[in-house]
Amino acid sequence: MNEIQSLRGTADILPPQSALWNEVERKVAEHFERYGYELIRTPIIEQSELFLRSIGEDTDIVEKEMYTFSDRKGRSVTLRPEGTACVVRAAMQHELLGQKIRKFYYMGPMFRYERPQAGRQRQFNQLGVEMFGTYSPLADAETISMMVRLFEMLGLKGVSVNINTLGDKESLEKYRAVLRERARANFDKFCPDCQRRMEKNVLRLLDCKVPSCKEIFQNDLPAIKDCLTDEAKAHYETVLKQLDLMGIKYVETPQLVRGLDYYTHTIFEVTHNSLGSQDALGGGGRYNDLVESMGGAPTGAVGFAIGEERLMIALAAVRGEEEKAKAADVFLVSMDEEAIGENLVLSDALRTAGISVALLPEKASAKSQFRQANASGAPCVLIRGGDERGKGIWNLKMMESGEQKEFTKEEILSFFKE
Ligand code: HAM
């Protein structure tokens, strides 16, 4: 075994799975583009301040999970734990937000120092979207429906959508007061983190991962619905009504709060039963105050991110056996050493014409080459040796029928193009 191994909580994505990842990413990109989203790529490393101000200082992510260090000039930098803050930063920096609605999607690695387990890594990948420039509840419904349709498009059955609202600032203030009062009455039962967060950011008590803390509110959670302003209530009702009209099933989940501070109004999480305890496939919501709190103009925004590792686990569970890598279109067999060079020339022309070719670039017995051709899954082979050289042709053999036919180079090219 190598002395140097990958870091705990990171993973190599090896063939043939890597081909599946590519396929999923291509389909997801096409899906997002059908809804008018444009690709944005932001740096993996940002100023730490960005995440403190957006995700929130009292969250688990910021307090315990960030990869934060000083660069060589002593500036505090952080490997991004999520994408929303980065997209907001980029959109503001490049003045992409204004009159028009703007929609961005991103894919790539995020970093959180969590305890690794199945479906939970320290470096993981997200597929995410962010829409800016509208406060409309219909945009929330469109976003949620886009996520649900994405799973359907990938053939992933059995997802559930959990939905809740946090309301606007006023609703949330009222709710925080009710929650704080309830929490204070149980002060001693909470973990030290919750005791500390109770006064500063009481909402965080609802996503504490300590089981005994979870229990406290389990049967006796104050309802956010009772604290909503009329406007916030109307917003939420419109989202649900629109989802009903679109035939999107959901479960109203009053205990859902999400672990990031920037949310307002609609929040949602999608789960899949194949994922065990780490069952959140993705989550998101509206964050109307974030752009303004980062120094921009008031800008309505909504988005979500899907955990790509978890998506692949769920897909594998649904699809059953792991899929094979894509086979080459043709395998070139070289019967002597000269044929290797001739086959390389032919492969060059075939590949340029868009045909995928497999061949061995070194001397090997015919038997071994046919064995590899079989294993490659290529439907046919092209054989070149002394006889073929004499006639200026290749022998094309169909693997399944064993049928064989002579072809010149030009004939081969037009055969495969067809
Ligand atoms: P999040 O819920 O923190 O939201 O992460 C979204 C998804 O990323 C999770 O549902 C999960 O599938 C995946 N994920 C999170 N942590 C890990 C991990 N340690 N290992 C594997 N997968 C993980 C956000 O990040 C928000 N930025 C989503 C959003 C976008 N809200 C609005 N716009």
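Every number for a ligand or one of its atoms is a count from 1 in the order of the listing. What you see is a predicted model, and the numbers here were worked out from it, not measured in a lab.
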**Item:** Atoms in ligand 1 flagged as close to G283, the criterion being non-hydrogen separation under 4.0 Å
**Value:** 10 (O), 28 (C), 29 (C)
**Prompt:** Should you measure from each heavy atom of F304, which atoms of ligand 1 turn up under 4.0 Å away?
**Reply:** 29 (C), 30 (C), 32 (C), 33 (N)
Give me the nearest non-hydrogen protein atom to [atom] as residue plus atom name, then the distance to 0.1 Å.
atom	answer
atom 2 (O) of ligand 1	R258 NH1, 2.8 Å
atom 26 (C) of ligand 1	Y262 OH, 3.4 Å
atom 10 (O) of ligand 1	G282 CA, 3.2 Å
atom 9 (C) of ligand 1	A280 O, 4.1 Å

Check this for me - ligand 1, [X], N or O atoms closer than 3.5 angstrom, yes or no?
X	result
I306	no
T84	yes
Y287	no

**Request:** Show your working on salt bridge (Lys or Arg N to Asp or Glu O under 4.0 Å) between K200 and D58 and close with a plain yes or no.
**Result:** CA-CA 8 Å; K200 273 175 79 187; D58 314 303; 3.0 Å; yes
Going by atom types only, do [X] and [Y] share a side-chain donor-acceptor pair under 3.5 Å?
X	Y	result
N343	W394	yes
N125	E309	yes
T78	Y67	no
D140	H235	yes

**Asked** Looking at C227 and V178, what are the two nearest heavy atoms and their distance?
**Response** SG-CG2, 4.1 Å
